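Some notes on the structure that comes next.
Values in this document were obtained by computation on a predicted structure and should not be read as measured data. The first residue in the sequence is number 1, and the count goes up from there.
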Amino acid sequence: MNKIKEHGLSSQEEAFTKYSVPKVLLKFIVPAALSQLTFLILNLADAFFVGRTGDTFQISAMTITFPVVMLASCIGTIFGAGGNANMAAELGKGKRERAKTFSAFSIYTAAVVTVIFSFLLLAVKEPLLYTIGANENSVGFCKDYLFWTFHIACVPLVLSQVFSQLFLAEGESQISAAGIAGAGLLNVILDPVFIFGFHMGVAGAGLATCVANYISFAFYLIMYYTHRKTTVVCFHLRYYRVGGKVCMRVLSVGIPAGLVLLFMDVCDFTRNYYFNVFGGQVELAAWGVVQKIGNAFMQICVGIAQGLRPVVAYNYSSNLLKRVRSIINGGIAIMAGWIAACLVLVALAPTFLVNLLIPSGESVPVAVSYLRIWIFCIIGFGFVELFNAVFQSMGRWKISVANTVINKGFMLTPVMVLLANWKGIGGIIISQPITEDLTAVVLFIIYLAVMKKEASSLE
C-alpha cells in the first residue's frame with residue numbers, strides 16, 4: 001500500500017494489487033473477453049445477415065475475404081498487446097511518463113503500418129482472391145466487401161483495438177470494452193438496413209462494418225479527451241520514441257501475439273486454396289460457417305488471455321510472485337470452464353449453431369460435420385493463448401516467439417498441407433486439433449519449469 005501511495009497510482013491501478021484474486025480476474029478478464037466477442041460480432045453479424053440472402057456466392061465471399069480482413073486485426077493485436085503489457089509493467093514500477101512512450105509508439109506505428117498494408121493489398125488483390133477460392137461469380141462480391149472493411153475502415157479498426165488494449169493496461173476495463181462492444185452492437189443494427197433496406201447485399205455488410213469502426217474509434221478519442229488529465233494513454237508526438245528499447249519491447253510482446261493471427265491467416269489462405277481444389281463454393285461456404293462459430297469460441301479464449309496479461313505483468317514487475325501464481329491458476333480455471341462449455345454446446349447442438357448463420361441449404365449438413373471435428377482444437381488453442389500471455393507478461397518473450405513460430409508456422413500449415421494431400425478435406429479439418437492440442441501439452445510443461453525457476457530465484 002505504501003508503494004502505491006508513493007507512486008501516486010490511480011484507484012484503477014490499485015486494483016491490480018489490492019483486489020482479491022477472483023475480483024481482479026473478473027474486473028479484467030470479463031471486459032476483455034466481451035470486447036473480443038463483440039469485435040467478432042462485426043464479422044458474425046455480416047455472416048448472419050448475408051446468409052439470409054440465400055446466395056452461395058455472397059456467403060462464400062465472406063469466407064474468402066476473412067483472412068484478408070484479419071490482417072488488420074493482426075496489426076492491431078501486435079501493437080495493442082505490446083503496448084498493453086509494457087504500459088502495465090511500467091505502471092507497476094510507478095513510471096507513468098515512461099508508460100506514455102509505449103502508448104504513443106503503439107498508436108502511431110500501428111496507423112502507419114496499416115496504411116502501408118492497405119496500399120500493398122490494392123496491388124495484389126484480384127489475383128490473390130482467385131488463388132484463395134474466388135471465381136467469376138464471387139470475386140466481385142469479395143472486392144465490394146474488402147473495399148469497405150479493409151481499404152476504407154482498416155485504420156479505425158486497428159486503432160480501436162490498440163486504444164482498447166491501452167485503456168485496459170491502466171485498469172480502465174469498462175472503457176476498453178465499451179468501444180468494441182458498441183461497434184459490434186451498431187453493426188448488428190446497420191447490417192439489415194444496408195443489406196436489405198438498400199439492397200446492397202454483401203457490400204452493405206461491409207459498409208455497416210465500416211461505419212461501426214469509425215464510431216468505435218471516435219468513442220476512444222472522446223474517452224481520451226475527457227480523461228486526458230489523468231490517463232496514461234497518450235498520443236502526443238513528444239512522447240513518441242523508437243529507441244530506448246520502446247520499439248523492441250513492444251514488438252517482443254506484440255509479435256508473438258500477432259504472429260498467432262498472421263500464421264493463422266496463412267493457414268486460412270492455404271485452407272481456402274485446398275477447399276477450392278478438393279471441393280467448391282458449397283464447401284467454402286460450409287467452412288466459413290464453422291470458421292465464424294469457431295472464432296467466436298476462440299475470441300473468448302483470446303479475451304481471457306488478454307485480461308490476464310496486464311494483471312500478471314503489473315504484479316510480476318512488483319515482485320509479487322505468490323500473487324502472480326494465484327492469478328495464473330485462476331486464469332487456468334476460467335479457461336478450462338469456457339473450453340468445457342464450448343465442447344458441450346457443440347456436442348448437444350451443432351445444427352442449431354450452424355442454422356444461426358445458414359438457416360437452410362446444402363451447406364448445412366457439411367458445416368455440421370466439419371464443426372463436430374474441428375471443435376476439439378479449442379482445448380489446445382485456449383491454453384496456448386493463456387500460457388503465451390503469461391510468458392509475455394513475465395518477460396519470457398523468447399518462449400512465446402519460439403512457440404508461435406513452431407506451432408503456427410512450422411506445424412499447423414505444413415501438417416494441414418500433408419493431411420490435405422493424404423485425406424482431402426477430412427485432413428484439412430483434423431489438422432488444427434492435432435497441432436493445437438500437442439502444443440498445449442508442451443507449453444504446460446514449460447510453464448511448470450518456468451514457475452519453479454522463478455520460485456527458486458525469489459528464495
Side-chain angles (χ1 to χ4, degrees), residues 47 56 59-68 70 128-135 138 259-298 301 339 342-343 346-347 350-351 353-354 357-358 361-385 403-443:
T56 299
I59 297 170
S60 65
M62 298 291 297
T63 307
I64 294 164
T65 55
F66 181 77
V68 180
M70 287 304 290
L128 175 64
L129 290 173
Y130 277 113
T131 302
I132 61 176
N135 60 21
S138 60
L259 277 179
V260 172
L261 291 179
L262 180 61
F263 285 136
M264 290 295 288
D265 243 16
V266 172
C267 184
D268 284 335
F269 282 123
T270 308
R271 185 186 287 113
N272 286 355
Y273 168 79
Y274 277 108
F275 268 117
N276 197 40
V277 170
F278 294 116
Q281 298 298 300
V282 170
E283 287 74 18
L284 274 169
W287 171 250
V289 174
V290 174
Q291 190 176 51
K292 300 299 186 298
I293 296 169
N295 278 325
F297 295 152
M298 291 195 295
C301 295
I339 290 170
C342 294
L343 294 171
V346 170
T351 304
L353 293 173
V354 171
L357 299 181
I358 302 182
E362 55 186 323
S363 296
V364 172
V366 180
V368 169
S369 66
Y370 293 171
L371 182 60
R372 288 184 184 276
I373 298 171
W374 177 90
I375 189 58
F376 289 99
C377 85
I378 198 70
I379 302 171
F381 180 89
F383 287 112
V384 167
E385 283 292 308
N403 159 65
T404 301
V405 171
I406 293 171
N407 176 27
K408 300 298 192 296
F410 295 156
M411 285 179 61
L412 180 54
T413 301
V415 168
M416 186 184 67
V417 171
L418 178 65
L419 292 178
N421 285 285
W422 180 33
K423 292 290 186 179
I425 289 178
I428 299 173
I429 303 300
I430 197 64
S431 58
Q432 191 173 1
I434 291 173
T435 56
E436 294 286 1
D437 294 348
L438 286 175
T439 303
V441 172
V442 173
L443 276 187

Work out which heavy atom in [X] is nearest to a heavy atom in [Y]; give both atom names and the distance.
X: L284; Y: N272; value: CD2-OD1, 3.9 Å
X: S363; Y: A286; value: O-CB, 3.6 Å
X: A61; Y: T65; value: O-OG1, 2.8 Å
X: V384; Y: E436; value: CG2-O, 4.0 Å

Side chains of [X] and [Y] in contact at under 4.5 Å (non-hydrogen atoms):
X: S138; Y: I64; value: yes
X: V417; Y: Y274; value: yes
X: I428; Y: F275; value: yes
X: W287; Y: V290; value: yes

Listed partners of E385 passing salt bridge (Lys or Arg N to Asp or Glu O under 4.0 Å), at least two apart: none
field: D268: salt bridge (Lys or Arg N to Asp or Glu O under 4.0 Å) partners, not counting sequence neighbours
entry: R271
Inter-residue atom distance [X].[atom1] - [Y].[atom2], 0.5 Å rounding:
X: I434; Y: L412; atom1: CD1; atom2: CG; value: 10.5 Å
X: I425; Y: E283; atom1: CD1; atom2: CD; value: 5.0 Å
X: K423; Y: I430; atom1: NZ; atom2: CD1; value: 11.0 Å
X: I379; Y: D437; atom1: CD1; atom2: CG; value: 5.0 Å

- prompt: Would you find more than 12 non-hydrogen atoms of other residues, nucleotides or ligands less than 6.0 Å from F269 atom CZ?
  reply: yes
Report all side-chain donor-acceptor pairs from residues 364-378 shorter than 3.5 Å, counting only partners two or more places apart or in another chain.
| unit_1 | atom_1 | unit_2 | atom_2 | d |
| --- | --- | --- | --- | --- |
| S369 | OG | V366 | O | 2.6 |
| W374 | NE1 | Q432 | OE1 | 3.1 |

query: With F297, which of V346, L343, I339 fulfils side-chain contact (heavy atoms from CB on, under 4.5 Å)?
result: V346
